[in-house]
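The chains referred to below are lettered A, B, ... by the order of the sequence lines, with proteins before strands, and numbering in each begins at 1. Below, each value reflects all heavy atoms present in this structure, side chains not excepted, and no hydrogens, waters or symmetry copies.
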There are 2 protein chains.
Amino acid sequence: MVGIDEVARRAGVSTATVSRALSGRGTVSAATRARVLAAADELGYVVSAAASSLATGRTRNVGVLVPLLDRWFYAQVLSGIATRLSPEGYDLTLYNLPDAHAPRRDVLARSLRRNRVDAVIALSVFLDDEEVAELQRLGKPVIAIGRQSPQLVALTVDDRAVARLATAHLLELGHTAVAHIGESRGRHGEVHVPTLRRRGFEQAMTDAGIPVHGDLLEPADFTIDGGYRAAGRLLDRADRPTAIFAASDEMAFGAIFAARERGLRVPEDLSVVGVDGHEMSGFFALTTVDQFPHAQGERAAEAVLAVLRSGDAPEPASLAFELVVRNSTARPA
Amino acid sequence: MVGIDEVARRAGVSTATVSRALSGRGTVSAATRARVLAAADELGYVVSAAASSLATGRTRNVGVLVPLLDRWFYAQVLSGIATRLSPEGYDLTLYNLPDAHAPRRDVLARSLRRNRVDAVIALSVFLDDEEVAELQRLGKPVIAIGRQSPQLVALTVDDRAVARLATAHLLELGHTAVAHIGESRGRHGEVHVPTLRRRGFEQAMTDAGIPVHGDLLEPADFTIDGGYRAAGRLLDRADRPTAIFAASDEMAFGAIFAARERGLRVPEDLSVVGVDGHEMSGFFALTTVDQFPHAQGERAAEAVLAVLRSGDAPEPASLAFELVVRNSTARPA
DNA sequence: CTGAAAGCGCTTACAG
DNA sequence: CTGAAAGCGCTTACAG
């Protein structure tokens, strides 16, 4: 690899001047700059990340924390982030945060502290207070997607409103036996997305004068299979619901598979609504609340870039969502 | 951030000794080592990536080149890679290689040359000769997944064999009108996965004495929607096939949607086989050739770690695949 | 506008 | 087994 001194020699200037010409910081005469650029180009010089970042303290790298790499939603957001970071010359380093405590601490207390990133985007990871503190101790901008902790600045959709919108759609069609598939316990209080969706569901039902009893809430883990099994439990009951609001499209797909397996037609015998705007929702004719995950990633990347440029603290922001009505919902029979 | 000299002061030794004690390289007495470890732990010291990598030339970071972040297959492989890299203390930096020429050059000639990675895993990206040369000029180990260039060491499945296996399954069931959805042009010759799958299909058909005419080959772009449209074209013909071999599960899903839309039953009226082992293939009852993408990622990561440890050149290897028969295939009516 | 020099925070021969 | 010192390849006050 050719170094800065080779470029300096070829251009007949000092390394300081090469550095100034290439970075655009400091003043260099037009003629000198041109000579330096030509020399760098001819030699194929690229600045060494390690040397540059040791000298400046900046890395031009953003860390992204993801709970799972192979869920559609996260892949979408990640893709959105990469889309906006790459043209700005920023790299993206991935940190997979598993459920287990030990490896999580390893990522937060070790990997991230190696000083390899200028900022962190935390994607829907549920951090406990100690972990959040660890993250903030980095002294670097942190942007969360999805509310994860009261202490983290986040880009969020209004998850209660999302759930109310989906539920209200079913109620307006005339359904009264509406069940919800999602998280039913409230461990994470005011910042837990699945819990907020369940609360929004409950609120819409209550507002419509329909009491919500525990039977209408089936817990599932946001996978297709989880949705399939939860829906199976609901549909095998004597008093099965006529509509299901699933807290994610993948769980909604599972519900559709469960219905189909039982000879129930969607939407004639069962209406289903999801959340996300999954790429396959159109094929399933699934009515869903789209939350534009790719755009969420882009927004997060933009927020990070803005903070890095301005030095200002990041600001929380609210993300768009939209009900997309397709053919998985209809009036009850 | 606390530095090595603070640790040295606290432990009452030189920074050289701290470095040796922490890295395990060089000799340190047990007592000194214990004191250093304790001091480092108390201070929460973590070595600076930039300083360490400038001094050693090693980064403990692996670059992964991906064409698309939001395809299921790539997300799986990526997840497999991360799974194996993370416990070894290696970070993973993502480089998205789009189709356009300019940004690709930017990644290969700029980003990767910033010296931020010790090795590169290239995931199903089709590089032209110049790009491969650029990659090799890095002087770092490169492992490809999927055959991409004759010059790159790769982990590959035998794609012709995969296609023959899928096609033979349909032929054994008694189908003779078998169509293929995939890539139909052979730009990339001997190293292009879609082309190899098409050739395997043609070979199986020819071996069975069935001539393959162009009508049986419908090009598609490996997305669900592409498969849906390609299958639509096949199924709208007067002499529609009784079976379809799709070169990916996602295209197979699209084919199933296309059949369903036309009132054709799978497998009674149409048999469908895919390739990949997609997480949803079970729900679609799709017969497929599983190629275990998560395991492919793990294998690639292991190969990279082995090369990094031994200093030996990487070696090509062959990956497993397996026909999984489900309910999307049956004897023709 | 430009250069000499110090410094970023480590690692590693070298000497003892 | 341990320390002093040079060096990794840049950047940036400082001086001119």
>> Let's go through B/S124 and B/F73 carefully: what are the C-alpha distance in whole Å and the side-chain angles of both, what is the deciding distance for side-chain contact (heavy atoms from CB on, under 4.5 Å) to 0.1 Å, and is it a yes or a no?
In response: CA-CA 10 Å; B/S124 316; B/F73 182 83; 4.3 Å; yes
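- Against DNA chain D, the stretch residues 17-39 of chain B makes heavy-atom approaches under 4.0 Å through B/T17, B/R20, B/T27, B/V28, B/S29, B/T32.
- For the pair B/L138 and B/R113, the tightest heavy-atom approach, listed with the atom from each and the gap, is CD2-CG, 3.4 Å.
- Judged purely by atom type and a 3.5 angstrom limit, A/E88 has no side-chain atom pairing as donor or acceptor with the backbone of A/E302.
- Between the side chains of A/Q136 and A/Q151, no donor-acceptor pair of N or O atoms lies under 3.5 Å.
- Spacing of P atoms, D/dA13 relative to D/dG9, comes out at 23 Å, to the nearest Å.
- Closest of all the heavy-atom pairs between A/A301 and A/R84 is CB-CB, 3.6 Å.
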>> Applying side chain to side chain donor-acceptor pair (under 3.5 Å) to B/T93 and B/N61, what does each step give before you reach the verdict?
In response: CA-CA 7 Å; B/T93 295; B/N61 192 24; 2.9 Å; yes
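- Looking at every heavy atom in both residues, B/N115 comes nearest to B/K140 through OD1-NZ, 2.9 Å.
- Atom name P, nucleotides C/dA6 and C/dT2: the rounded distance is 23 Å, in whole Å.
- The CZ-C1' distance, from B/R116 to D/dC8, rounds to 17 Å in whole Å.
- Only the C1' atoms considered, C/dT12 is 16 Å distant from C/dG16, to the nearest whole Å.
- At whole-Å resolution of the value, CG in B/N115 and C1' in D/dC10 are 12 Å apart.
- Base pairing analysis places D/dC14 opposite C/dG3; the two distances defining the Watson-Crick or G-U wobble pair are each below 3.5 Å.
- Annotation for A/G146 and A/T156: closest pair C-CG2, 3.8 Å, computed over non-hydrogen atoms.
- Heavy-atom distances under 4.0 Å link DNA chain D to no residue of residues 40-48 of chain B.
- Considering only heavy atoms from C-beta on, B/L94 comes within 4.5 Å of A/L78 through its side chain.
- When each of A/V2 and B/V13 is assigned the nucleotide of DNA chain D bearing its nearest heavy atom, the one mapping closer to the 5' terminus is B/V13.
- Using modelled atom types and a 3.5 Å distance limit, the side chains of A/N96 and B/S86 yield no donor-acceptor pair.
- Atom CD of B/E6 and atom P of C/dG9 are 11 Å apart (whole Å).
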>> Evaluate A/V7 against A/E42 for side-chain contact (heavy atoms from CB on, under 4.5 Å), listing each step before the verdict.
In response: CA-CA 9 Å; A/V7 179; A/E42 284 159 29; over 6 Å; no
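- A straight line from CZ of B/R114 to C1' of D/dT11 spans 17 Å, rounded to a whole angstrom.
- DNA chain C lies under 4.0 Å from at least one heavy atom of each of the following residues of residues 54-63 of chain B: B/A55, B/T56, B/R58.
- Surrounding CD of B/E315 are at most 12 heavy atoms belonging to other residues, nucleotides or ligands under 6.0 Å away.
- Residue B/S52 places at least one side-chain N or O closer than 4.0 Å to OP1 or OP2 of C/dT11.
- When each of A/A16 and A/A50 is assigned the nucleotide of DNA chain D with its nearest heavy atom, A/A50 is the one assigned upstream, toward the 5' end.
- In this structure, CD1 of A/I4 is placed 19 Å from P of C/dG7, rounded to the nearest angstrom.
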